[in-house]
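The next block holds one structure in the form of structure tokens; read it before the comments.
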2 protein chains.
Amino acid sequence: MQISKNEQDYIKSIFKLQADGSVSTTALSEHLHLKAASITDMLKKLADKKLVSYKKYQGVTLSTKGEKLALELIRKHRLWEVFLVEKLNYKWDEVHAIAEQLEHVEGLDLINRLDKFLGLPKFDPHGDPIPNEKLVLTKQNLSQLGKITKPGKYQVSMVNQDNPSFLQYLTKLSIKIGDIIKLHELITFDGSLNISINNSTSIFMSNTVANGIYVYKLNN
Amino acid sequence: MQISKNEQDYIKSIFKLQADGSVSTTALSEHLHLKAASITDMLKKLADKKLVSYKKYQGVTLSTKGEKLALELIRKHRLWEVFLVEKLNYKWDEVHAIAEQLEHVEGLDLINRLDKFLGLPKFDPHGDPIPNEKLVLTKQNLSQLGKITKPGKYQVSMVNQDNPSFLQYLTKLSIKIGDIIKLHELITFDGSLNISINNSTSIFMSNTVANGIYVYKLNN
DNA sequence: ATAATTTTTTAGGTTAGTCTAAATTTTTAT
DNA sequence: ATAAAAATTTAGACTAACCTAAAAAATTAT
């Protein structure tokens with residue numbers, strides 16, 4: 001059975017939104033920028049193809065098969081992003097739309113060859129983990145910088161990739177994956193932060209920006 | 001104005017078939033494996049978009065705009081083929097279907113970056129010339145090995161890429177782009193040839209196979 | 001030159017994926 | 001507990017790209 005590009009996009013969205021429990025028609029409608037009626041239509045088709053489990057008025061969840069497909073797409077998307085950044089010298093804010101197309105390219109063994117060519121990378125340019133050939137996705141235990149309550153040393157491990165201008169702003173601040181952030185002070189009033197990056201002069205950062213940065217706590 | 005993947009496929013076919021003069025509905029129908037009625041429909045749309053010039057019952061020719069698009073697609077296709085063979089170690093008979101998909105991927109500057117990454121190759125894995133960044137396609141003056149009338153030394157410069165099993169057969173004969181073929185004898189009866197490749201022991205080759213090999217005459 | 005054949009177009013229908021508007025179900029607020 | 005609001009589904013329509021069958025035009029053969 002073949003699954004269209006559009007169907008694949010639904011599966012990816014459901015995967016992304018299904019953090020806890022089932023995904024509502026409205027949530028999908030907003031995420032895909034389509035009308036709710038269109039979502040209902042498609043969910044029926046996806047259910048017919050056993051990619052999701054769907055009961056009227058009760059939202060949708062991925063089946064095992066649907067989840068496998070989602071992980072394949074995520075693997076493809078992230079590996080192509082690595083290719084675009086590492087090999088074609090794109091910036092991290094430029095690759096999403098292109099990878100969105102490349103992830104739908106099919107070919108015997110293509111993605112595993114690409115994986116090997118890239119040196120079996122574990123993370124994409126934004127720090128998101130790449131599912132391995134067995135589609136195992138290893139999640140790290142990270143915190144949003146904006147939610148942290150104690151001053152200390154943290155390592156930038158992942159950034160929110162949904163907004164190119166956010167990524168451009170991080171570039172302007174010269175914040176990259178792997179950087180060490182020292183959190184000096186928390187302003188409780190508005191959640192903004194006083195930090196320094198890789199031991200350079202300290203800067204202020206809004207809570208909004210800090211929430212797009214995921215960090216790993218270092219032991220000193 | 002945006003041009004769909006399907007429209008692009010028509011443009012490529014017209015380019016390929018338009019060797020001399022205009023292309024007939026039937027020729028396109030066979031090349032694209034679609035019914036003639038569908039071709040007529042689409043030609044009207046392509047004419048509306050100024051990609052072709054089309055008059056009822058008189059076949060179709062590409063406009064300047066259509067020709068530019070065709071060359072862009074050929075450039076993309078051939079560069080992706082180089083990528084697949086050079087970087088991902090595919091064989092020359094395995095890349096066509098994947099490149100067919102990759103050629104439709106759009107992205108600012110993508111193909112020029114790929115071109116640079118690959119070292120500005122002049123030919124694809126089958127020896128077809130790659131249009132440069134200005135879309136100039138330099139054609140070589142080659143002959144089909146099966147049409148040659150005089151014994152002598154020739155260089156394999158291009159092979160017919162339409163048939164994977166033909167390419168596999170060439171691989172079995174260990175014939176590659178750049179190889180030197182010595183044509184010892186022509187059998188006029190059936191057009192078959194007695195040749196040797198890179199000075200190894202001589203072999204016979206059918207006229208059919210020889211016609212899929214394009215060669216350049218060497219001076220001795 | 002006309003009849004037969006082939007090519008091409010037209011007319012009307014199908015499917016995937018979207019839409020709007022209306023109907024229905026669920027949730028929330030009183 | 002019921003009314004109002006929100007979410008969801010149904011019904012019917014649209015577009016792109018295909019199809020079949022029939023009509024029309026062009027070509028070929030007698």
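Convention: sequence-line order gives letters A, B, ...; per-chain numbering from 1. Every heavy atom of this structure was used, including side-chain atoms; hydrogens, water molecules and symmetry mates were not. Note that this is a predicted model, so its numbers are computed, not measured.
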[N] [atom2] sits how many Å from [X] [atom1], rounded?
X	N	atom1	atom2	value
B:Lys55	D:dA26	NZ	P	13 Å
A:Leu32	C:dT18	CG	P	8 Å
A:Ile39	C:dC19	CD1	C1'	12 Å
A:Leu28	C:dT18	CG	P	12 Å
A:Glu30	D:dA6	CD	P	14 Å
B:Ile3	D:dA17	CD1	P	12 Å
B:Lys35	C:dT7	NZ	P	14 Å

- Task: Determine whether the side chains of A:Asp190 and A:Ser192 contain a donor N or O and an acceptor N or O closer than 3.5 Å.
- Result: yes

- Answer yes if the side chains of B:Lys147 and B:Gln144 hold a donor-acceptor pair under 3.5 Å, and no otherwise.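 Note: B:Lys147 and B:Gln144 side chains meet the donor-acceptor criterion.
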
- Query: Charged N to carboxylate O below 4.0 Å: is that the case for A:Asp48 and A:Lys44?
  - Reply: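 No salt bridge links A:Asp48 with A:Lys44.
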
- Message: What I want to find out is whether B:Lys45 reaches B:Asp41 closely enough, with some N-O distance under 4.0 Å, to be called a salt bridge.
- Response: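 B:Asp41 and B:Lys45: not salt-bridged.
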
- Item | Stacked cation flag A:Lys87 on A:Phe117, 6.0 angstrom / 45 deg |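 Cation-pi check for A:Lys87 and A:Phe117: passes.
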
- Query: Do the side-chain N or O atoms of A:Thr25 get closer than 4.0 angstrom to the phosphate oxygens (OP1, OP2) of D:dT9?
  - Reply: yes

- Query: Among all residues two or more places apart in sequence or in another chain, which pass the ring-ring contact (aromatic ring centres under 6.0 Å, His included) test with B:His31?
  - Reply: none

- Note on the structure: Scoring nucleotides 10-17 of chain C by protein non-hydrogen atoms under 4.0 Å (B base, S sugar-phosphate only, - none) yields B-----SB

